[in-house]
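Input: a single structure, listed below in structure tokens.
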Amino acid sequence: MTRLANIDFSADSLLVARQLIGVTLLIDGVGGLIVETEAYDQSDPASHTYAGRTPRNASMFGPPAHAYVYRSYGMHWCMNFVCREPGHGAGVLIRALEPTQGLELMRERRGLDKLELLCAGPGRLAQALGITRALDGQALDAPPFQLLPGPPEPVELLIGPRIGISKAAHELWRFGLKGSKFLSKGFT
DNA sequence: TCGCCGATGTTCT
DNA sequence: GAACATCGGCGAT
């Protein structure tokens, strides 16, 4: 069992994706509250791991509570947290944060002042937190990562279909923090 | 406010 | 050669 921030990362990615809402993610002290996630699994046609292991997705088949970082559309970085036991190819895409720590550094990296747009999307939050391939395969319980538990009482969740995919697009595997102004897109 | 489009690396057909 | 877990700029509404 791999437990971090009161979450069992050896569990199913759907469960981990729900539990991550409200957790604080910091990289070198910069980041904020996770407000939006999506679950992926090897049995899922939309997942990078559906067709098996490749050099790109190798860390998704590694130990849980590690990072999987990949390049999206040739120009952005996106980050997943690996779930389940090694070999399952499951993970959770971190899609949006409410910025709380290191605001000035994030504004500088993004070239943007507006707080609501600093981390509203997987590519945007990667840029704001300085995420690159250098973090691929890194453990989440060691520097530069910090995961801090969310509130003890359960948060109110929004649930909807995942964004930007064409396969398995009907699955309701996207989760958000109800009432948050920092989501990448609204839940309808 | 909405929708189209181009940028551009990696993987798959 | 096409598709892609995206984003920002542009023009039309």
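All of these numbers come straight from a predicted model, not from anything done at the bench. For the numbers below, each heavy atom of this structure counts, side chains included, while hydrogens, waters and symmetry mates do not. Lettering follows sequence order; numbering is per chain, from 1.
Here the side chains of A/Pro63 and A/Thr2 are not in contact, with every heavy-atom distance at 4.5 Å or above.
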Stepwise ring-ring contact (aromatic ring centres under 6.0 Å, His included) test for A/His48 and A/Tyr70
CA-CA 10 Å; A/His48 287 175; A/Tyr70 69 95; 4.5 Å; yes
Pair A/Ile21, A/Val35 - check side chain to side chain contact (heavy atoms under 4.5 Å, CB included), show working.
CA-CA 5 Å; A/Ile21 302 298; A/Val35 297; 5.6 Å; no
Test side chain to side chain contact (heavy atoms under 4.5 Å, CB included) on A/Val30 and A/Gln101; report intermediate values, then the result.
CA-CA 5 Å; A/Val30 175; A/Gln101 310 266 336; 5.8 Å; no
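Distance A/Asp44 CG to C/dC4 P: 14 Å, rounded to the nearest Å. The distance from atom NZ of A/Lys185 to atom P of B/dG3 is 10 Å, rounded to the nearest whole Å. For A/His76 and B/dA7, the NE2 to P distance is 13 Å, given to the nearest whole Å.
In this structure, A/Arg133 is not positioned above the aromatic face of A/Trp77 in the sense of NZ or CZ being under 6.0 Å from the six-membered ring centre and within 45° of the axis. For A/Arg3 and A/Phe9, the positive end is not near the middle of the six-membered ring at less than 6.0 Å and at most 45° from its axis.
Using modelled atom types, one finds no donor on one side chain facing an acceptor on the other under 3.5 Å when comparing A/Gln127 with A/Arg109. In this structure, a donor-acceptor pair under 3.5 Å is present between the side chains of A/Glu36 and A/Ser184.
Within 4.0 Å of A/Met60, counting heavy atoms only, lies at least one base atom of the nucleic acid. Among the atoms of the strands shown, none is found under 4.0 Å from any heavy atom of A/Arg162. The residue A/Ser166 sits close only to the backbone: its heavy atoms come under 4.0 Å of sugar-phosphate atoms, none of a base. A/Arg110 comes within 4.0 angstrom of sugar-phosphate atoms only, judged by non-hydrogen atoms across all strands, and of no base. A/Leu93 comes within contact range of at least one nucleobase, with a heavy-atom separation under 4.0 Å.
Near-neighbour residues of DNA chain C inside residues 111-125 of chain A, defined by a heavy atom below 4.0 Å, number-ordered: A/Gly121, A/Pro122, A/Gly123, A/Arg124.
Stacking between A/Tyr40 and C/dA5 is present: the aromatic ring centre lies within less than 5.5 angstrom of the base six-membered ring centre, and the two planes differ by under 30 degrees.
Using a 4.0 Å cut-off between a side-chain N of Lys or Arg and a carboxylate O of Asp or Glu, A/Arg95 and A/Glu38 qualify as a salt bridge. Residues A/Arg56 and A/Asp136 are not paired through a salt bridge, judged by the lack of any N-O separation under 4.0 Å between the basic side chain and the carboxylate.
Taking every side-chain heavy atom of A/Tyr73 into account, B/dT8 is the closest of B/dT8, B/dT10, B/dC12. Listed nucleotides: C/dA5, C/dT6, C/dC4. Nearest to the side chain of A/Lys167: C/dC4. Side-chain proximity of A/Met75 to B/dA7, B/dT11, C/dA5: nearest is B/dA7. Listed nucleotides B/dT10, C/dA5, C/dC4 differ in distance to A/Arg133; the shortest reach to its side chain belongs to B/dT10. The side chain of A/His48 has C/dA5 as its nearest neighbour among B/dT11, C/dA5, C/dC7.
The 5' end of DNA chain C is approached more closely, in terms of each residue's nearest nucleotide, by A/Ile163 than by the other of A/Ile163 and A/Gln127.
Between B/dG9 and A/Arg56, no contact under 4.0 Å exists linking OP1 or OP2 to a side-chain N or O.
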Given Watson-Crick or G-U pairs with both distances under 3.5 Å, what dot-bracket string fits DNA chain B, with | for other-strand pairs and [ ] for crossing?
|||||||.||||.
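C/dA5 sits 13 Å from B/dT13 when the P atoms are compared, rounded to a whole Å.
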